[in-house]
Number of protein chains: 2
Amino acid sequence: MSMDAVFRALADPARRRLLDRLYGRNGQTLGALCAEMGMTRQAVTKHLLLLEEANVVVTQRRGREKLHFLNPVPINEIADRWIGKYERHRVRALADLKKQLEGKNDG
Amino acid sequence: MSMDAVFRALADPARRRLLDRLYGRNGQTLGALCAEMGMTRQAVTKHLLLLEEANVVVTQRRGREKLHFLNPVPINEIADRWIGKYERHRVRALADLKKQLEGKNDG
DNA sequence: GTAATATGCAACTAATTGGTTGCATGTCAA
DNA sequence: TTGACATGCAACCAATTAGTTGCATATTAC
């Protein structure tokens, strides 16, 4: 599961909204997820496919229905491996910024 | 600073690479950031503009040079407000997944 | 002033993306 | 088996995006 796929999956507001809805109620069908999205079923399908490819959503067939489940692991890997890196040195970066902005004001 | 702009800014590998390089050495000029990016200066400029619009990078002129600084605040806001939400209920979501996958195997 | 350096602006192209419509397939219920 | 329901597939369109080239502007050095 490439980190790039996860980042791109999260880039679209419609897809983040789908994740939010699965977060609120896990295991929804495609039909249920289409409601209130303001786009056609096929458009929603494509968004869900991107989320599946990023492994952020996992699916399972139940008869003629397709159930969608949130997989929080890749998102947390991003948080740990990428954002965590920035978090660890956030104070230093902010100090850099502050120093620079102060220099800007004082001359 | 819209959260959507930050997500989209992070979606491109070239832009994440630029952030990584600023993380390694803060306050670099456009010219310095162009090195080893494998694209023209104008392409790098466009990426940096997107990062600026997302407020993930802050700039300052020094004579004819433009210095670029990492601003870790928006990224940490995403971590806190969005990823944090998933993190808090990660165990529950993983339990849902596990249960579902087990049901898949057993019948 | 003139040349070199550092960046900015604009037009253009190619690829990707978000969305559509139309039709096909598979499953459940009567 | 027939009809209704849930999803899948494919072609197509419009908008956005990543990148290019060419030229303009501003600063520094001589």
Side-chain angles (χ1 to χ4, degrees), chain A residues 2-22 25-69 100 103-104 107, chain B residues 2-22 25-69 100 103-104 107:
Chain A
S2 93
M3 202 155 88
D4 190 56
V6 180
F7 270 110
R8 264 178 310 167
L10 297 183
D12 191 279
R15 289 193 286 273
R16 292 198 303 276
R17 222 175 123 209
L18 286 168
L19 289 183
D20 281 341
R21 292 181 57 184
L22 285 181
R25 180 192 233 266
N26 215 356
Q28 293 189 66
T29 66
L30 169 60
L33 287 171
C34 283
E36 296 174 29
M37 284 301 288
M39 61 184 75
T40 61
R41 176 176 54 83
Q42 281 75 6
V44 176
T45 300
K46 286 190 184 177
H47 284 303
L48 287 171
L49 277 178
L50 276 182
L51 291 169
E52 282 187 59
E53 280 163 18
N55 202 31
V56 171
V57 160
V58 167
T59 64
Q60 182 187 352
R61 297 300 299 221
R62 185 180 64 188
R64 61 184 162 180
E65 294 175 323
K66 186 174 184 181
L67 303 180
H68 297 76
F69 294 87
Q100 206 62 28
K104 195 180 189 175
Chain B
S2 93
M3 202 157 87
D4 191 56
V6 180
F7 271 111
R8 265 178 310 167
L10 297 182
D12 190 279
R15 289 193 286 272
R16 291 199 302 278
R17 224 175 122 209
L18 286 169
L19 289 182
D20 281 340
R21 293 181 57 184
L22 285 181
R25 178 190 233 268
N26 215 355
Q28 292 189 65
T29 66
L30 169 61
L33 287 171
C34 283
E36 297 174 27
M37 284 301 287
M39 61 185 74
T40 61
R41 174 176 56 84
Q42 280 74 7
V44 176
T45 300
K46 286 190 184 176
H47 284 303
L48 287 170
L49 276 179
L50 276 181
L51 290 170
E52 281 185 61
E53 280 163 18
N55 203 29
V56 171
V57 159
V58 168
T59 64
Q60 183 188 351
R61 298 298 301 223
R62 184 181 63 190
R64 63 182 162 183
E65 292 175 324
K66 186 176 186 182
L67 303 180
H68 298 76
F69 294 87
Q100 206 61 28
K104 194 180 187 174

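Naming: A, B, ... by sequence-line order, numbering from 1 per chain.
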For A:Arg17, which residues count as a side chain to side chain donor-acceptor pair (under 3.5 Å) partner, sequence neighbours excluded? none
Can you see which heavy atom on A:Gly27 is nearest to which on A:Leu67, and at what distance? O-CD2, 3.6 Å
Is there a side-chain contact (heavy atoms from CB on, under 4.5 Å) between A:His68 and A:Lys66 once you walk through the steps? CA-CA 7 Å; A:His68 297 76; A:Lys66 186 174 184 181; 3.9 Å; yes
If I compare all heavy atoms of A:Ala11 with all of A:Arg16, which pair ends up nearest, and what's the gap? O-NH1, 3.3 Å
Rounding to a whole Å, what distance do you find between A:Met37:CE and C:dT20:C1'? 16 Å
A:His47 side chain N/O closer than 4.0 Å to the phosphate oxygens (OP1, OP2) of C:dG19? yes
Starting at the 5' end of DNA chain D, which residue's closest nucleotide do you reach first, B:Arg8 or B:Gly63? B:Arg8
Between atom CG in B:Asp12 and atom C1' in C:dT16, what is the gap in whole Å? 12 Å
Tell me the interatomic distance from B:Arg15, atom CZ, to D:dT17, atom P, rounded to whole angstroms. 9 Å
Could you note down all residue pairs passing side chain to side chain donor-acceptor pair (under 3.5 Å) where residues 30-48 of chain A supplies at least one of them, sequence neighbours left out? A:Arg15-A:His47
How close or far is atom C1' of C:dG18 from atom CG of A:Leu50, stated in whole angstroms? 10 Å
Taking side chain as C-beta onward, heavy atoms only, is A:Thr59 less than 4.5 Å from A:Leu30? no
Please report the closest heavy-atom contact between B:Gln28 and B:Arg25, naming both atoms and the distance. NE2-O, 3.0 Å
Distance check: side-chain N/O of A:Thr40 vs OP1/OP2 of C:dG19, anything under 4.0 Å? no
A:Asp4 CG to C:dT17 P, in whole Å, measures 10 Å
Starting at CG of B:Leu51 and ending at P of D:dA18, how long is that distance when rounded to a whole Å? 11 Å
Please report the distance, rounded to the nearest Å, between CD in A:Gln28 and C1' in D:dA6. 15 Å
A:Leu33 CG to D:dG8 P, in whole Å, measures 12 Å
Review item, nucleotides 7-14 of chain C N/O atoms under 3.5 Å of protein N/O:
unit_1, atom_1, unit_2, atom_2, d
C:dT7, OP1, B:Leu30, N, 3.3
C:dT7, OP1, B:Lys66, N, 3.2
C:dT7, OP2, B:Gly31, N, 2.7
C:dT7, O3', B:Arg61, NH1, 3.3
C:dT7, O4, B:Arg41, NH2, 3.2
C:dG8, OP1, B:Arg61, NH1, 3.3
C:dG8, OP1, B:Lys66, NZ, 3.4
C:dG8, N7, B:Arg41, NH1, 3.0
C:dG8, O6, B:Arg41, NH2, 3.0
C:dG8, O6, B:Gln42, NE2, 3.3
C:dC9, N4, B:Gln42, NE2, 3.4

